[in-house]
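In this chain, numbering begins with 1 at the start of the sequence shown. Since this is a predicted model, take the numbers as computed values, not measurements.
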Amino acid sequence: MEIVMPKMGESVSEGTIIKWHKKVGDKVKRDEIIFEISTDKVDTEIPASADGILTNINVKEGETVEVGTVVAILSVESEAESIAKSSQKITEEPSITSIKIKPTEAKIENTISNSIIDIAMPKMGESVMEGTVIKWHKKVGDPIKKDEVIFEISTDKVDTEIPSPEEGILAEIMVKEQETVSVGTVVARLSIRSSSGSSVGSSTRVVESATTSVQEQSARKTVEPLQMHDNFQNSFQLTEEINEETGFLSPLVLSIASKENVSQAELKRIKGSGQEGRITKKDILAFIQSRKTSDSHHVAHELKTELPKPSAMPAPSFVPAVSSQSFGDGVEKIPMDNIRQKIMQHMVSSRDTSVHVSAMLEVDMTKIHNFIQKNKDEYQKRDGVKLTYMAFIANASVRALTAYPLVNSSIDGTNILKKKFVNLGIAVAIEPNGLIVPNIKGAENLNTIGLAKAISDLAFRSRNKKLTPDDISGGTFTITNYGVFGTIFGTPIINQPEVAIIGVGAVVKKPVVIEADGMDTIAIKPIMSLTISHDHRIIDGMLGGMFLKYIKDTLENFDPANL
């Protein structure tokens with residue numbers, strides 16, 4: 001049996017052998033770990049798919065090869081072979097999942113295969129490295145149809161249901177409910193059966209008997225974790241100099257080092273806990289956390305030196321948890337669920353990454369308000385679309401992003417990545433206290449009605465756990481509508497790695513001063529507060545103000561002909 005370098009993701013084209021757990025000549029049991037690999041997405045252990053003897057190792061430790069490359073050979077003697085030898089009626093094909101029958105008096109061939117499919121924790125976003133199993137909809141032994149929901153997961157990006165890739169029987173559950181595992185980890189195994197060809201009389205019974213005995217040793221094929229288009233380019237390159245001074249560094253460790261600006265000198269100081277002192281993901285993340293703590297202490301010391309009598313000290317990023325015991329029985333201690341923890345971490349990260357600046361102005365929504373009131377029934381009946389302010393705001397935002405493309409960008413180190421497309425994120429509140437930001441791909445190609453349909457679809461699928469990985473990845477700009485809850489004004493936090501977000505307040509009737517017949521007078525108008533939070537690292541006050549003013553002018557001068 002050929003053992004190949006597995007494909008650990010849609011964009012993964014190669015892998016590095018980290019360690020061999022077996023040597024040539026060793027006996028290997030099914031599911032026993034043979035070797036470890038590292039890719040730019042994940043470090044993982046590769047198990048044997050059958051019992052056998054490791055007869056050849058083609059790729060050495062530390063060597064990187066393409067996906068599909070044969071890295072080792074496993075000599076396997078299945079129970080089917082034993083039956084073949086005793087009955088002299090069955091001869092095994094090169095694949096252990098294939099049994100060819102050659103009866104003495106018949107020339108009919110029949111191939112029946114049974115496979116165990118590994119179902120892995122899917123990758124639900126470019127930056128998502130783990131997921132939590134919320135609920136199993138099936139138990140071991142249950143029959144499952146193709147596309148039927150097997151389990152639900154939660155990540156820092158999305159809660160979603162995972163369907164079965166094939167029809168079969170749930171053979172094993174590897175991860176319990178509420179357990180969190182890395183992307184690519186096998187969480188369950190599905191037993192499937194397929195057949196081709198034809199069979200006659202006693203030959204059929206021989207095949208069925210042999211297939212039953214082979215089932216437990218049949219080869220497994222891996223269902224690739226769900227992936228999305230990956231635009232990330234790792235700028236931190238592995239060189240011979242780094243190899244010599246720091247030892248082997250996996251692509252995952254290098255990716256983290258690049259993102260967190262960990263220098264080569266700093267890498268040399270990290271004491272690895274992996275095999276032969278190798279730096280693991282856990283090691284580099286611990287170093288980054290300790291560096292942040294050290295930097296905080298250094299800054300605090302500098303402030304204390306320069307300002308002997310400060311009026312107030314900066315608040316810590318996290319306040320230690322206080323036990324409810326301190327307050328008696330009147331306090332209920334509620335553990336955060338997985339998605340709330342991830343939202344907390346994401347918001348703190350955004351605060352610590354972007355230099356937030358906010359601005360606000362008021363928008364006269366009279367023309368759009370009147371248009372909606374007059375035409376909402378017609379559009380509902382004709383197009384099945386519920387006209388809301390959000391569709392018009394989305395359209396105005398897309399036009400503003402086209403006029404000021406720097407707002408539709410992100411930062412990569414000291415480079416600005418200006419996007420030529422608009423993937424418009426719409427923040428959706430999920431009961432009881434969740435939040436998710438799916439985005440409309442290619443929003444620049446949609447008119448107001450098209451955006452209204454897309455927004456409605458995203459909201460429905462967000463609240464019914466029907467989002468796909470592509471829905472929540474690759475956003476370039478976000479709109480959050482806190483006005484739907486009656487809030488008039490707010491200062492939203494930027495959705496990383498974007499550089500701006502607008503907040504939409506409730507449309508309320510307010511007295512405003514207008515000019516009529518050359519004189520100022522007071523009128524009642526439907527007014528909306530519109531807020532922008534932008535990253536001052538690349539968007540200055542002038543650009544932020546001009547961008548916001550463009551949206552205001554577009555909304556106030558709405559023309560139905562441009563719908």
Side-chain angles (χ1 to χ4, degrees), residues 156-157 315 317 336 339-340 342-365 368-369 388-398 400-401 404 407-408 424-440 451 455 458-459 462-463 472 475-510 512 525-537 539-541 543-556:
D156 59 348
K157 297 290 186 183
S317 298
M336 291 184 181
I339 194 167
R340 176 48 53 185
K342 299 301 183 182
I343 291 173
M344 175 181 69
Q345 295 165 10
H346 190 60
M347 293 298 98
V348 171
S349 174
S350 182
R351 179 203 65 183
D352 294 344
T353 300
S354 294
V355 183
H356 282 69
V357 175
S358 297
M360 188 272 287
L361 48 70
E362 292 185 329
V363 181
D364 181 357
M365 298 292 285
I368 293 176
H369 174 80
T388 65
Y389 294 119
M390 180 56 72
F392 297 88
I393 296 166
N395 180 265
S397 299
V398 171
L401 291 169
Y404 299 99
V407 182
N408 191 51
L424 187 65
I426 306 294
V428 180
I430 303 174
E431 293 293 343
N433 61 348
L435 179 70
I436 194 168
V437 186
N439 60 80
I440 303 169
L451 289 168
I455 292 169
L458 285 182
S462 295
R463 295 179 178 122
I472 46 89
T476 62
F477 183 82
T478 296
I479 301 175
T480 180
N481 181 18
Y482 39 72
V484 72
F485 308 110
T487 304
I488 296 174
F489 170 77
T491 54
I493 296 177
I494 296 169
N495 184 28
Q496 297 298 322
E498 299 164 17
V499 294
I501 182 174
I502 61 170
V504 179
V507 177
V508 296
K509 292 182 179 180
K510 296 178 64 174
V512 296
K525 295 275 191 176
I527 301 297
M528 177 185 72
S529 294
L530 192 64
T531 307
I532 184 172
S533 291
H534 58 81
D535 192 338
H536 213 308
R537 291 180 297 170
I539 300 178
D540 297 323
L543 176 58
M546 292 170 64
F547 176 80
L548 201 61
K549 181 66 163 52
Y550 190 101
I551 297 176
K552 170 184 169 73
D553 292 342
T554 302
L555 293 171
E556 292 185 341

Scanning both residues in full, the closest heavy-atom pair of Ala500 with Ile494 reads N-CG2, 4.0 Å
Quick check: closest heavy atoms across Leu451 and Ala391, and the distance to 0.1 Å?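 Scanning both residues completely, I find the closest heavy atoms to be CD1-O, 4.3 Å.
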Check for a donor-acceptor pair, side chain of [X] on one end and backbone N or O of [Y] on the other, with a separation under 3.5 Å.
{"X": "Tyr389", "Y": "Val507", "value": "no"}
{"X": "His356", "Y": "Arg351", "value": "no"}
{"X": "Ser533", "Y": "Pro492", "value": "yes"}
{"X": "Lys552", "Y": "Glu362", "value": "yes"}
{"X": "His534", "Y": "Ile539", "value": "yes"}

Out of curiosity, Leu435 CG to Ile430 CD1, how far, rounded to the nearest 0.5 Å? 7.5 Å
Out of curiosity, Ile501 CD1 to Thr478 OG1, how far, rounded to the nearest 0.5 Å?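 Result: 5.0 Å between the selected atoms.
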My understanding is that only one of Ile393, Ile368, Ile488, Leu361 makes a side chain to side chain contact (heavy atoms under 4.5 Å, CB included) with Met528; could you say which? Ile393
Indicate whether any N or O donor in one side chain lies under 3.5 Å from an N or O acceptor in the other, for Gln496 and Thr353.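 Result is no, nothing qualifies.
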With Asp540 via salt bridge (charged side-chain N to carboxylate O under 4.0 Å, His left out) - residues at least two apart: none
Can you name the residues that form a salt bridge (charged side-chain N to carboxylate O under 4.0 Å, His left out) with Arg537, not counting sequence neighbours? Asp535
